[in-house]
Structure formats: structure tokens, C-alpha cells
Trainee: 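First, the structure itself, so that you have it in front of you.
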Amino acid sequence: MSQHDVIIIGAGFSGMYQLYTLRDQLGFDALVIEAGDDVGGTWYWNRYPGARVDIQSIEYSYSFSEELQQEWDWTERYSAQPEIRAYAEHVADRFDLRRDILFGTRVTALDWDESATEWTVTTADGQTRTARFVIAATGCLSVPSRPRFAGMDDFEGDLYWTSEYPQGTDLSGKRVAVIGTGSSGLQVITAVAPEVADLTVFQRTPSYAIPAHNEPADARLAAVRPDYESFREASRASLLGFQCVEGAIPVLELTEDAARVELDSAWAEGGLCLNTRFPDAGTDPAANAVVAEYARGQIRAKVTDPVVAEKLSPRTYPIGSKRMCVDTGYYETYNRPNVHLVDLRETPIERFTPTGIATMSGDYAFDVIIMATGFDAMTGALNAIDIRAGGQRLADKWAHGPRTYLGLMSHGFPNLFTVTGPQSPSVLSNMMTSIEFHVEWIADTLKYLRENDIQRIEPDLDAEDNWVRTNNDLANLTLMPQAASWYMGANIPGKEQVFLPFVGGVGLYRQVVQGMTLNHHGFELA
Ligand code: FAD
Ligand code: N01
């Protein structure tokens with residue numbers, strides 16, 4: 001049985017940087033265990049046509065190495081998956097990470113041994129390893145949600161999941177269905193529509209999509225490169241971990257014309273910054289309604305058929321309370337003669353058939369069905385591992401929602417850290433900013449423990465209860481819990497519905513964590 005100081009689970013951007021900090025900067029014996037066959041996590045798995053970032057690449061990238069950010073050239077403002085995967089591979093090469101990553105190996109269980117003060121880590125091949133510390137860099141969107149439809153196995157065409165999309169497929173001339181209209185669905189729909197013979201989109205809930213205005217990255221890169229560090233520092237202090245105009249005047253205090261000017265400007269800038277223009281958009285239903293109606297007006301302006309435009313217009317949840325999408329011609333896709341929209345609220349899917357999909361209003365024939373149905377977010381990957389300590393399972397402790405201190409650790413599970421865990425800003429932010437903060441906090445903590453000959457760290461129950469309450473109270477002050485979203489766990493049947501990420505923003509969260517942990521407040525060290 002091999003022994004390590006630290007085992008890191010996952011070789012996405014979190015696990016890769018965590019390995020670098022612990023091994024190269026601090027000299028720990030660290031091993032990464034990764035289920036996939038290479039680095040990149042999200043960008044290794046999600047290879048569907050059209051996959052790309054919704055946060056500009058000059059922001060959605062590592063900031064920890066000045067040389068790295070100076071030498072890497074992004075080609076587009078919003079890069080596509082192959083380029084981001086190539087970036088992850090470049091980082092792995094540059095810092096020689098792969099030699100300490102065990103690929104093609106899934107962690108199935110973690111058992112805490114109190115007397116030895118170490119975790120036993122079991123993998124799917126039956127092997128065990130021990131480590132004093134375990135870091136779950138397992139990803140917030142790494143466990144696909146796979147809804148089952150009656151007759152699914154009878155379908156004789158090809159069935160693809162966006163998160164496991166087969167490479168080298170040719171959809172030209174094919175009759176294709178897409179189920180799901182979140183970010184993955186919107187991207188795949190926009191990308192495949194021009195090449196397929198016929199595309200039918202099955203939509204349960206429409207998304208709001210803001211244009212990306214994608215373009216070559218050169219000018220933006222040239223502007224930030226002379227002082228990348230100041231640019232990053234501003235992002236770290238921001239609400240979302242990337243730079244948006246954070247408006248100070250409530251939309252309800254503006255005249256209609258002034259509000260329109262502000263909204264036009266946000267729309268022209270593109271990307272996920274629409275709501276941040278107004279401090280009341282996320283908390284006041286009337287303010288939110290102004291922004292939502294503006295966005296619906298944009299849909300009406302783009303979609304020729306008013307009936308289709310209305311079906312594409314969200315009306316059942318506040319704008320921003322489900323993840324907004326960033327699009328490159330999504331709505332215009334519905335003006336193509338080969339694209340059709342089926343509203344599942346009107347005509348639900350009855351079953352899959354050998355030739356396609358049967359709905360209440362008729363049968364559709366397809367060669368390919370693409371499932372873009374999302375993920376068991378934030379807790380899915382952690383609960384998939386049988387994590388036990390002191391006779392307790394983490395999945396049981398979290399049955400009624402995750403319980404963490406600062407989104408970093410959970411009481412009763414010593415020496416186990418989560419990168420971008422639940423109750424941290426995580427998926428509500430530029431994940432790169434949030435990943436770097438957590439990775440560096442964990443590295444600093446392990447360094448401190450080693451320097452002070454401390455073997456064990458565990459958050460206090462009181463501190464954890466306070467943090468859980470703070471998260472829930474803050475979320476309930478906003479409109480966020482009003483949607484049946486994956487932020488709430490509402491997309492997974494039987495999952496407790498509780499708002500999963502910290503809603504107070506990246507800058508505030510960093511201040512709180514830095515303040516709380518200066519003297520290790522809320523932690524028991526032994
Ligand atoms: P991941 O990249 O998910 O990596 C986790 C790794 O852990 C995976 O490789 C997985 O195989 C491995 N793993 C999990 N469990 C186990 C186990 N038990 N044993 C072994 N290995 C395990 N965020 C943004 O901020 N901006 C974006 O534009 C953006 N775009 C996205 C696009 C898509 C299609 C998706 C799905 C997500 C996107 N995200 C985006 C969120 C994205 O997940 C994060 O930005 C980031 O890539 C997460 O990195 P990570 O290393 O924490 O997790
Ligand atoms: O998943 P989703 P996603 N029958 O959960 C529908 C990031 N990301 O993979 O809304 C019919 O958003 C479901 O309907 P409803 C980003 O953070 C980023 O698209 O539940 N439909 C919904 O329409 C994103 O938010 C990018 O009613 C069913 C869709 O499937 C997150 O990952 C790209 C159904 C799922 O949408 C997840 O996005 C991709 C059923 N049984 C992902 N079950 C970027 O652009 C589910 N649906 C950077």
C-alpha cells in the first residue's frame with residue numbers, strides 16, 4: 001500500500017494547480033488520481049460541437065504564473081473547447097504534472113483512520129493508498145444527470161450525451177434531436193443546425209442567452225498583458241470573479257430611457273454581466289422584471305416567428321436565477337427552415353421508440369438524439385465517493401443539503417478539503433478565480449500545519465452551523481432560490497432543494513475567509 005502526504009482527486013484545473021502548489025512550491029509528496037485518461041477535467045470530457053467558455057479566456061485562465069499568462073496566446077475572446085483543452089495540456093507539460101497523476105483510475109471510497117490520523121483511499125481497481133490529507137478536486141459539474149425515458153433502450157439510432165460526445169461523428173444529412181436547452185444544449189444546437197438535414201429541439205424550460213460578440217482575442221490580450229496582475233487583482237475583488245460593470249443605481253430609480261441605455265450597453269458588451277448593471281436586479285422582483293422584459297424583447301427581435309419567439313422566452317423564473325447562457329447566434333438558429341422547436345410543457349415526451357421520440361402530439365423520426373440534460377451539480381461527485389469518518393457517511397450527513405465551513409471542509413471529516421465546494425462562490429463565479437483562491441488557501445493551510453507540527457484539522461460544529469445558516473439566509477434574501485435550477489438541486493429527482501453556492505460574491509467571500517482563518521477561527525487543530 002503506497003503512502004503519500006496528500007492525495008488529490010481530480011486532474012481538472014483545480015487538481016492540476018493543487019499538485020503544482022503542494023509538490024513544486026512546498027515539496028509535499030502529492031499524488032493525483034483522475035478517472036479520465038488525461039488532464040483538463042471539464043474540458044477533457046465535454047467535447048460536443050460548439051463547446052466553449054462563457055467567460056472571456058483572458059479571465060478564464062490561470063493567474064498564478066506570470067510566465068504562463070505572458071506566453072499563452074488565446075485566439076478568441078471566448079475560446080472553444082479544443083483550445084482550452086490544449087491550454088490544460090500545455091500547463092501539464094510546462095510544469096511536468098503528469099508524472100504524479102494516476103490516470104484512468106476512479107476513487108470509490110475514503111475511510112478516515114482516527115488512530116493513524118490518515119485517510120485510506122480506495123480506487124475502482126481495488127487498490128488502497130493512504131494519505132494524511134485528501135483534497136477533493138472532483139468538480140462541480142462532473143457527474144452527468146441521465147434522465148431515463150420509457151423505451152430509451154429501444155432507440156435504434158445513435159444516442160449521444162454532451163459530456164461524453166464521441167469524436168469524429170458526422171451529422172451532415174442526418175435527422176437530429178437535442179433534448180435540453182441549458183448552456184450545453186444552446187451551444188450544440190447552434191453548432192450543428194447548419195450541418196444537419198433536420199434539427200428538432202425538445203425544450204422543457206427556455207434559457208436567457210446574452211450574445212458573446214465573440215472575436216479575435218488579440219486586442220484584449222495586448223491591453224491586459226502589460227499589467228496582467230492588476231487586471232487579475234480587480235477580478236479577485238469583484239462580485240463574479242471577472243470584470244463586469246457593477247452599477248450602483250437601482251434600475252427602479254432610473255427613467256425608462258436611462259434604464260434602456262444601460263441595458264443596451266450591457267447587451268452590446270455581451271456576456272454574463274447583464275444583472276450586475278443594477279444593484280436591485282437580483283433581489284427585487286420588480287427590478288428583475290425590467291431586465292427580464294428587456295431580454296425577452298431581444299428574443300422577439302431576433303426570432304421571425306412570434307409563436308416560436310414566445311416559446312423561447314422565459315417567463316417562469318427571475319432572470320439570473322437559472323444560469324444564463326452566452327450565445328453565438330442561438331436565437332437566429334430558429335429562423336432556419338430545418339430547425340423546429342417542441343415545447344415539452346405543451347407536449348411532453350411519452351417515450352422513445354425504435355425510430356425516434358413519441359410525444360403527446362405525434363411521433364418524430366431521428367438518426368441521432370443528443371442529450372444535453374445537465375449535471376448532478378456541486379455535491380454529485382462527492383456523494384459518488386463512499387466517504388466515511390467516525391462511523392458517519394458524508395452523503396448521509398449531507399442528505400438534507402451540504403453542510404460545510406466556508407465551502408472548504410465539513411465537521412466530522414478531518415483533513416478532507418474541497419476545492420470550490422458547496423457554500424463557496426464556485427459556480428456563481430469565474431471558476432478559475434475561485435479555484436485559485438481555494439487551492440492557495442489549502443496550500444497555505446497545509447504549510448502552516450507542517451511548520452507547526454500539527455497533524456489534524458477539523459472545522460467546529462458551531463462554525464459550520466453558522467456558515468450553513470449564513471448561506472441559506474443570504475440566498476433567501478435574493479431571488480435565486482425561486483427557480484427550479486441545478487443551483488438548487490432541483491434537476492435531480494429526490495435531491496434536497498437547497499441553494500448550493502455562496503451567493504454573496506467573490507470579493508466578499510475572500511474577505512470573510514481571510515478574516516475568519518487568520519487565527520484559524522472555527523477550526524480545531526491538533
Ligand atoms: P473538473 O474540471 O470537473 O475536474 C474534475 C475532475 O475530477 C474530472 O476530470 C473528473 O474525472 C475527476 N473526478 C471526479 N470524481 C472522481 C473520482 N471519484 N475519482 C477520480 N477522478 C474523479 N466555468 C467557468 O467559470 N467558465 C466557463 O466558461 C465554464 N464553462 C463550462 C462549460 C462546460 C461544458 C461545463 C460542464 C462547465 C463549465 N464551467 C465553466 C465550469 C467548469 O466545470 C469549471 O470552470 C472548471 O473547469 C472546473 O475545474 P475542476 O478541476 O474544479 O473540476
Ligand atoms: O445543463 P443544464 P448544461 N426532460 O442543467 C433539460 C456550465 N456550462 O449542461 O431547465 C426534458 O443547464 C433541462 O430542463 P429544465 C454552466 O454553468 C457552461 O446545459 O430543468 N428536459 C435543461 O434545459 C451551465 O449552467 C457552458 O426544465 C430535461 C437542460 O436539460 C452548467 O454547466 C456550457 C430533462 C439541462 O441544462 C450546466 O449546463 C455548458 C428531462 N428529463 C455548460 N432533464 C458554457 O457556455 C433535464 N432537462 C461555458
Side-chain angles (χ1 to χ4, degrees), residues 8-18 32-36 38-48 50-57 59-60 78-79 81 84 88 102-110 121 123-124 136-149 162-163 178-188 202-207 209 212 240-242 272 314 316-317 322-327 344-345 348-349 371-375 377 380-382 384-385 419-420 426-435 438-439 483-487 490-493:
I8 300 161
I9 311 171
F13 285 129
S14 297
M16 292 169 69
Y17 181 34
Q18 193 73 74
V32 180
I33 303 180
E34 164 58 54
D38 205 346
V39 296
T42 290
W43 305 102
Y44 166 85
W45 294 107
N46 290 270
R47 304 178 195 176
Y48 57 87
R52 68 174 65 244
V53 280
D54 59 7
I55 290 170
Q56 299 186 61
S57 301
E59 303 245 32
Y60 186 77
Y78 295 95
S79 299
Q81 175 269 340
I84 306 159
L102 187 63
F103 290 108
T105 308
R106 185 167 287 280
V107 172
T108 53
L110 299 177
V121 179
T123 46
T138 42
C140 295
L141 295 160
S142 56
V143 174
S145 164
R146 297 179 195 277
R148 295 293 304 168
F149 292 94
T162 47
S163 51
V178 174
I179 300 180
T181 50
S183 296
S184 303
L186 261 64
Q187 290 184 330
V188 80
F202 291 88
Q203 168 189 277
R204 191 164 69 180
T205 313
S207 291
L240 300 180
F242 64 101
L272 290 170
T316 56
Y317 61 91
K322 274 167 94 87
R323 172 82 170 201
M324 281 193 259
C325 306
V326 173
D327 83 291
L344 294 177
R345 304 278 179 196
I349 292 174
M371 306 292 290
T373 47
F375 299 88
L382 291 163
I385 303 172
V419 183
T420 67
S426 181
V427 292
L428 289 184
S429 69
N430 172 3
M431 290 285 278
M432 285 300 230
T433 314
S434 292
I435 286 170
H438 271 188
V439 163
S485 67
W486 60 259
Y487 294 144
N491 62 330
I492 303 297

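As the structure lists them, so they are numbered: ligands from 1, and atoms in each ligand from 1. FYI, side chains are in, hydrogens and waters are out, and symmetry mates aren't considered; it's all heavy atoms of this structure.
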Trainee: How close does the nearest protein non-hydrogen atom get to atom 27 (C) of ligand 1, and which residue and atom is it?
Mentor: Asp54 OD1, 3.2 Å
Trainee: With heavy-atom distances below 4.0 Å as the criterion, list the atoms of ligand 1 near Ser142.
Mentor: 3 (O)
Trainee: Can you find a heavy atom in the side chain of Phe375 that is under 4.5 Å from one in the side chain of Val143?
Mentor: no
Trainee: Looking at Ile55, which atoms of ligand 1 are within less than 4.0 Å of one of its heavy atoms?
Mentor: 25 (O), 26 (N), 28 (O)
Trainee: Taking the side chain from Gln56 and the backbone from Tyr78, do they hold a donor-acceptor pair closer than 3.5 Å?
Mentor: no
Trainee: Name the closest protein heavy atom to atom 13 (N) of ligand 1, giving the residue it belongs to and the distance to 0.1 Å.
Mentor: Thr138 O, 4.2 Å
Trainee: Is it the case that Ser429 and Ser434 place a side-chain donor and acceptor less than 3.5 Å from each other?
Mentor: yes
Trainee: Any idea which of Arg106, Glu34, Gln187 brings a heavy atom closest to atom 10 (C) of ligand 1?
Mentor: Glu34
Trainee: Short list, please: which atoms of ligand 1 are under 4.0 Å from a heavy atom of Phe375?
Mentor: 36 (C)
Trainee: Please list the nearest protein heavy atom to atom 7 (O) of ligand 1 with its residue and the distance rounded to 0.1 Å.
Mentor: Gly10 CA, 3.2 Å
Trainee: Mind jotting down which protein residues get a heavy-atom contact under 4.0 Å with ligand 2? Chain and number order, please.
Mentor: Tyr48, Arg52, Val53, Asp54, Leu141, Pro147, Phe149, Ile179, Gly180, Thr181, Gly182, Ser183, Ser184, Gln187, Arg204, Thr205, Lys322, Arg323, Leu344, Arg345, Ala372, Thr373, Gly374, Phe375, Trp486
Trainee: Between Ile8 and Val419, is a side-chain contact (heavy atoms from CB on, under 4.5 Å) present by the stated rule, with each step listed?
Mentor: CA-CA 10 Å; Ile8 300 161; Val419 183; over 6 Å; no
Trainee: Judged by atom type as modelled, is there a donor-acceptor pair below 3.5 Å linking the side chain of Thr433 to the main-chain atoms of Gly241?
Mentor: yes
Trainee: Return the closest protein heavy atom for atom 21 (N) of ligand 1 as residue, atom name and distance.
Mentor: Ala35 N, 3.1 Å
Trainee: What protein heavy atom is closest to atom 19 (N) of ligand 1, reported as residue, atom name and distance in Å?
Mentor: Val107 N, 2.9 Å
Trainee: Does the side chain of Ser184 reach to within under 4.5 Å of the side chain of Tyr48, using non-hydrogen atoms?
Mentor: yes
Trainee: Suppose I only count heavy atoms of Ser14 and a 4.0 Å limit; which atoms of ligand 1 are within that range?
Mentor: 50 (P), 51 (O), 52 (O)
Trainee: Heavy-atom distance under 4.5 Å between the side chains of Arg204 and Arg345, does that happen here?
Mentor: yes
Trainee: Measuring from the heavy atoms of Cys140, does anything fall under 4.0 Å of ligand 1?
Mentor: no
Trainee: Suppose we measure from atom 4 (O) of ligand 1 to each protein heavy atom; which comes out shortest, and what is that distance?
Mentor: Gly41 CA, 3.5 Å
Trainee: Among protein heavy atoms, which lies nearest atom 25 (O) of ligand 1, and at what distance?
Mentor: Met431 N, 2.8 Å
Trainee: At less than 4.0 angstrom from any non-hydrogen atom of Ile385, what atoms of ligand 1 do you find?
Mentor: 18 (N)
Trainee: Hey, which atoms in ligand 1 end up nearer than 4.0 Å to a heavy atom of Val53?
Mentor: 28 (O)
Trainee: Using side chain to side chain contact (heavy atoms under 4.5 Å, CB included) as the criterion, list what pairs up with Ser183, not counting sequence neighbours.
Mentor: Arg323, Cys325
Trainee: Could you check which of Asn46, Val326, Ile9 puts a non-hydrogen atom nearest to atom 17 (C) of ligand 1?
Mentor: Ile9
Trainee: What distance separates Met431 CE from Glu59 CD, expressed to the nearest 0.5 Å?
Mentor: 15.0 Å
Trainee: Give a yes or no answer on whether the side chain of Asp38 reaches the backbone of Tyr44 with a donor-acceptor pair at less than 3.5 Å.
Mentor: no
Trainee: What residues, two or more places apart in sequence or in another chain, satisfy side chain to side chain contact (heavy atoms under 4.5 Å, CB included) together with Ser57?
Mentor: Val53, Trp74, Ser79
Trainee: Tell me whether Ile33 reaches ligand 1 (any heavy atom closer than 4.0 angstrom to a ligand atom).
Mentor: yes
Trainee: Going by distance only, is there an N or O of Phe13 that falls short of 3.5 Å from an N or O of ligand 1?
Mentor: yes
Trainee: Quick one: which of Trp43, Tyr60, Tyr48 has a heavy atom closest to atom 30 (N) of ligand 1?
Mentor: Trp43
Trainee: Using modelled atom types and a 3.5 Å cut-off, is there a donor and acceptor pairing between side-chain atoms of Ser14 and backbone atoms of Ala137?
Mentor: no
Trainee: Ignoring hydrogens and angles, tell me if any N or O in the side chain of Gln203 forms a donor-acceptor pair with the backbone of Thr205 under 3.5 Å.
Mentor: no
Trainee: Does Ser207 use its side chain to pair, donor to acceptor, with the backbone of Ala209 at less than 3.5 Å?
Mentor: no
Trainee: Quick test: of every protein heavy atom, which one is nearest to atom 2 (O) of ligand 1, and how far off is it to 0.1 Å?
Mentor: Thr42 N, 2.7 Å
Trainee: Of the listed options (Gly139, Ala136, Gly40, Gly380), which comes nearest to atom 53 (O) of ligand 1 when hydrogens are ignored and any heavy atom counts?
Mentor: Gly139
Trainee: For the backbone of Phe103 and the side chain of Thr105, can you confirm whether one donor and one acceptor N or O come within less than 3.5 Å of each other?
Mentor: yes
Trainee: Tell me whether Thr105 reaches ligand 1 (any heavy atom closer than 4.0 angstrom to a ligand atom).
Mentor: yes
Trainee: To the nearest 0.5 Å, how far apart are OH in Tyr17 and CE in Met432?
Mentor: 11.0 Å
Trainee: Under 4.0 angstrom from atom 39 (N) of ligand 1, is there any protein heavy atom?
Mentor: no
Trainee: Taking heavy atoms and a distance under 4.0 Å, where does Ala137 meet ligand 1: side chain, backbone, both or neither?
Mentor: backbone
Trainee: If the contact criterion is a heavy-atom separation under 4.0 Å, does Ser429 count as touching ligand 1?
Mentor: yes
Trainee: Distance only, no hydrogens: is a donor on one side chain within 3.5 Å (strictly under) of an acceptor on the other, for Thr162 and Arg47?
Mentor: no
Trainee: Quick one: salt bridge (charged side-chain N to carboxylate O under 4.0 Å, His left out) partners of Arg106, sequence neighbours excluded?
Mentor: none
